There are 2 protein chains.
Amino acid sequence: MSKAETILQGAMQEFLAKGYSAASMDRVAAAAVVSKATVYSHFGDKETLFKALVAQMAQQRMRSILSRLDYSLDPRLAMRQLFMEGMDDCCKNPEFHDFQRILIGESGRFPDLAKTFVIHMSKPGIESLTRYFERSSVFNFPDPEAISRIVVGAIVHFGMTQYVMHGKEIIPMESDRLVDALELLLFNN
Amino acid sequence: MSKAETILQGAMQEFLAKGYSAASMDRVAAAAVVSKATVYSHFGDKETLFKALVAQMAQQRMRSILSRLDYSLDPRLAMRQLFMEGMDDCCKNPEFHDFQRILIGESGRFPDLAKTFVIHMSKPGIESLTRYFERSSVFNFPDPEAISRIVVGAIVHFGMTQYVMHGKEIIPMESDRLVDALELLLFNN
DNA sequence: GTCTATATCGTGATAGAC
DNA sequence: GTCTATCACGATATAGAC
């Protein structure tokens, strides 16, 4: 593994755990088992390192979201499968929870990072589902993109409330119930 | 205005703009036009001040969410009105965007604050809409609470993507389209 | 390229006068 | 209760030896 990769890995630990401002370059170096000067020679400063890290994480996540839709399956099954996988992504992945925390938390001071996330994750996700609605003869939505947004929003927000915001015990709900309800709405029972 | 209120107002400025870690007690004192020692004499330390501030903001927001549902209206109109108001809350309110950023951003290190938000805002919102679904004879959802979550999630996530995450220009969409689509799904045409 | 050692500054928090 | 002045610390960033 190259030194730059090692540093990024150390940075991931530190930034995901502490957020941008509270993260310490000392601890980044320590986690990467490298001197602090080495960190600064590879990435110019804290902000640059942070942006490189987020770009890398977004890229990794992007792969997993593409070509999730199986056009050969029965639409009802294809949707169920997609919703389930989306739920797992949003719910069973503590590292992704931290990623959301830091991205949203810093979206005020790092708007470009937030936009990168929207461009590489939200947009492709919404668009591929929209295309599926348009192409499948089962659906006849007057505004497929709006429906797509409702579906994605419902799933993402569920993971957000239950896990990122620790609402799991306060307003408990099995993710299957949300998937069933989505199916009911989309297929009109 | 009492000194405690003055301090909280200064703290709001600083914390909403910078987040928890990057916020400076010096600047809080400066914004409140008070000495730093005065801040510390009223609120013991930075963490306590932060929690007091979030509690106050949550309480203020809570009021606006209660009793939003008009049972005397035609369900279709009542829903439209509710969705529109929810959209405005989530979209047209920069201060709320910052509030979401900080709450979510710090939900890892301040889980109690996140839970407070869920208890006082998410839960009542979802429950009151669920009750409406249950009581209105127009709807016959097998799982009203799940439907309620879909609706709330779709609206909150829309504001999140378009405004908090600056996706407005990247994946543009009028909020009316989402409201129309929600109506279509709920009323089954 | 990588290290050790250091410069410089802003931070949270407090002591003590009034 | 409120101020001024200050402390001890850890932060980002860099200089210079190897």
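What you see is a predicted model; the values in this text were computed from it and never measured. These numbers come from the heavy atoms of this one structure, side chains and all, not from hydrogens, waters or symmetry mates. Protein chains get the first letters and strands the later ones, always in sequence-line order, with residue 1 at the start of each.
Near DNA chain C, defined here as any heavy-atom distance below 4.0 Å, there are no residues from residues 14-31 of chain A. Residues of residues 45-53 of chain B that place a heavy atom closer than 4.0 Å to DNA chain C, in numerical order, are B:Asp45, B:Lys46.
When the C1' atoms of four end pairs are superposed on the next four at each end of the helix from C:dG1-D:dC18 to C:dC18-D:dG1, using five pairs per end, the two resulting axes differ in direction by 10°, to 10°.
Interface limits on DNA chain D: the 5'-most and 3'-most nucleotides within less than 4.0 Å of chain A heavy atoms are D:dA11 to D:dA15.
Legend: side-chain hydrogen bond (donor to acceptor under 3.5 Å, both in side chains) pairs involving residues 80-99 of chain A, not counting sequence neighbours, sorted by first then second residue: A:Arg68-A:Glu85, A:Arg68-A:Asp89, A:Arg80-A:Asp180, A:Arg80-A:Glu183, A:Asp98-A:Arg101. Within the structure, the salt bridge (charged side-chain N to carboxylate O under 4.0 Å, His left out) test picks out the following pairs touching residues 47-56 of chain B (sequence neighbours left out): B:Glu47-B:Lys51. Judged as a side-chain hydrogen bond (donor to acceptor under 3.5 Å, both in side chains), the pairs with a partner in residues 131-144 of chain A (not counting sequence neighbours) are, in order, A:Asp143-B:Arg177. Applying the ring-ring contact (aromatic ring centres under 6.0 Å, His included) test to residues at least two apart or on different chains, the pairs with a partner in residues 138-161 of chain B are B:Phe133-B:Phe139, B:Phe133-B:Phe141, B:Phe139-B:Phe141, B:Phe139-B:Phe187.
Grouping Ile, Leu, Val, Met, Phe, Trp and Tyr residues whose side-chain heavy atoms lie under 4.5 Å apart, directly or via other members, leaves A:Val33 alone, with no other cluster members. Under the 4.5 angstrom side-chain criterion for Ile, Leu, Val, Met, Phe, Trp and Tyr, the cluster partners of B:Leu77 are B:Leu73.
A donor-acceptor pair under 3.5 Å is absent between the side-chain atoms of A:Ser107 and the main chain of B:Met165, judged by distance alone. No side-chain donor-acceptor contact under 3.5 Å links A:Lys18 to the backbone of B:Arg109.
The shortest heavy-atom contact between A:Val156 and A:Cys90 is CA-SG, 4.0 Å.
At least one test fails for A:Lys46 against the ring of A:Phe15: distance under 6.0 Å to the centre or angle within 45° of the axis.
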With a cut-off of 3.5 Å and sequence neighbours excluded, list every side-chain donor-acceptor pair involving residues 111-118 of chain A.
from     : atom 1 : to       : atom 2 : distance (Å)
A:Thr116 : OG1    : A:Asp112 : O      : 2.9

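Atom-to-atom, NZ of A:Lys36 to P of C:dT4 comes out at 12 Å; the value is rounded to the nearest Å.
Residues meeting the salt bridge (Lys or Arg N to Asp or Glu O under 4.0 Å) test with A:Asp26, sequence neighbours left out: A:Lys36.
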